[in-house]
Trainee: 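The structure's right below; bear with me while I get my questions together.
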Amino acid sequence: MCNVIKTQYPIARKDHDCMASIWLTESGEGPFYYGMSIEEAKKWAVARKNRYKIKKGERYLNVTQIHEGQIMDFKAIIDIDKLCHKYEIYEPC
């Protein structure tokens, strides 16, 4: 069970790993398997080109939550997080 403490959309001061991209790439399927549009697939391709990094100066999603008794920050590229939600790639907490 996870409980969200706060959700923020800061601007990155340095590069960060995109955790949503990890979920997306580890799902083992390509963008068209999910029936993504060309525009959605392009967003995935941009993330892949950037090595699944949130780039310095980019606005990103930062969710602080308690998961299995641990406080953790989930950082993600906003568009990739939206894809993960839309195509139900995340496992429920």
Side-chain angles (χ1 to χ4, degrees):
M1 183 74 175
C2 62
N3 297 315
V4 174
I5 297 171
K6 67 181 174 180
T7 301
Q8 297 176 311
Y9 295 92
I11 295 174
R13 291 181 286 178
K14 64 178 186 172
D15 290 358
H16 298 278
D17 291 329
C18 173
M19 296 172 158
S21 293
I22 294 169
W23 280 89
L24 195 58
T25 58
E26 289 185 358
S27 70
E29 307 296 344
F32 298 109
Y33 172 85
Y34 294 106
M36 289 183 189
S37 69
I38 297 296
E39 289 303 312
E40 291 171 330
K42 285 180 182 178
K43 290 175 184 177
W44 190 347
V46 168
R48 187 176 67 222
K49 178 182 165 244
N50 290 331
R51 297 185 175 174
Y52 304 110
K53 297 281 187 190
I54 299 163
K55 303 304 279 180
K56 180 180 178 179
E58 181 179 4
R59 188 167 300 279
Y60 67 98
L61 170 68
N62 184 13
V63 178
T64 302
Q65 59 190 344
I66 299 174
H67 181 70
E68 297 180 358
Q70 300 284 337
I71 295 176
M72 65 170 282
D73 283 327
F74 179 87
K75 297 177 182 177
I77 298 167
I78 295 169
D79 287 337
I80 301 301
D81 178 66
K82 288 178 182 177
L83 291 176
C84 288
H85 281 291
K86 180 176 179 179
Y87 295 103
E88 299 177 350
I89 293 170
Y90 293 137
E91 291 180 14
C93 291

Trainee: Between CD1 of I89 and CD of E26, what distance do you get to the nearest 0.5 Å?
Mentor: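 Here the interatomic distance stands at 11.5 Å.
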
Trainee: What's the shortest heavy-atom distance between A47 and S21, and which atoms?
Mentor: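 It is CB-OG, 4.2 Å.
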
Trainee: Quick check for you: to the nearest 0.5 Å, what is the distance between T64 atom OG1 and D73 atom CG?
Mentor: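 If I round to the nearest 0.5 Å, the distance is 3.5 Å.
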
Trainee: Shared ILVMFWY cluster between V46 and I38, side chains joined below 4.5 angstrom?
Mentor: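 Not linked; separate clusters.
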
Trainee: Once you round to the nearest 0.5 Å, how far does NZ of K42 lie from CG of D79?
Mentor: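 Rounded to the nearest 0.5 Å, the NZ-CG separation comes out at 13.5 Å.
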
Trainee: Looking at every heavy atom in both S37 and Y87, which two are closest together, and how far apart are they?
Mentor: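 Smallest heavy-atom distance, with atoms named: N-OH, 4.4 Å.
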
Trainee: Among K56, K55, K53, exactly one meets side chain to side chain donor-acceptor pair (under 3.5 Å) together with D15. Which residue is that?
Mentor: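 With D15 as partner, K56, K55, K53 yield a single side chain to side chain donor-acceptor pair (under 3.5 Å), made by K55.
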
Trainee: Is the shortest side-chain N to carboxylate O distance from E40 to K43 below 4.0 Å?
Mentor: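 Salt bridge between E40 and K43, a charged N being under 4.0 Å from a carboxylate O: no.
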
Trainee: How long is the straight-line distance from NZ of K75 back to NE2 of H16, given to the nearest 0.5 Å?
Mentor: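 Going from the NE2 atom of H16 to the NZ atom of K75 covers 4.5 Å.
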
Trainee: side-chain contact (heavy atoms from CB on, under 4.5 Å) for I5 and Q65? Distances and angles first, verdict last.
Mentor: CA-CA 5 Å; I5 297 171; Q65 59 190 344; 5.6 Å; no

Trainee: How many angstroms lie between CD1 in I66 and CE in M72, if you round to the nearest 0.5 Å?
Mentor: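 It comes to 12.0 Å.
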
Trainee: To check you understand the geometry: which heavy-atom pair defines the closest contact between A20 and A76, and what is its length?
Mentor: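 Smallest heavy-atom distance, with atoms named: CB-CB, 3.6 Å.
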
Trainee: Mind checking whether H85 and K82 have side chains closer than 4.5 Å, heavy atoms only?
Mentor: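 A side-chain contact under 4.5 Å is absent here.
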
Trainee: Apply the test side-chain contact (heavy atoms from CB on, under 4.5 Å) to residues L61 and Y9: give CA-CA distance (whole Å), side-chain angles for both, the deciding distance (0.1 Å), then the verdict.
Mentor: CA-CA 5 Å; L61 170 68; Y9 295 92; 3.6 Å; yes

Trainee: Could you verify whether a donor N or O on one side chain and an acceptor N or O on the other, from Y60 and D81, lie under 3.5 Å apart?
Mentor: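 No.
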
Trainee: Give me the atom names and distance for the closest heavy-atom approach of Y52 to R48.
Mentor: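 So the two residues come closest at OH-CG, 3.1 Å.
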
Trainee: Is there a continuous path of hydrophobic side-chain contacts, each under 4.5 Å between heavy atoms, that joins I77 to I11?
Mentor: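 Different hydrophobic clusters.
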
Trainee: Got a second to check how far L24's CG is from I22's CD1, nearest 0.5 Å?
Mentor: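 Separation between the atoms: 11.0 Å.
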
Trainee: Please answer: with hydrophobic residues joined when any side-chain heavy atoms are less than 4.5 Å apart, are I78 and V4 in the same cluster?
Mentor: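 In one cluster with I78: V4, yes.
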
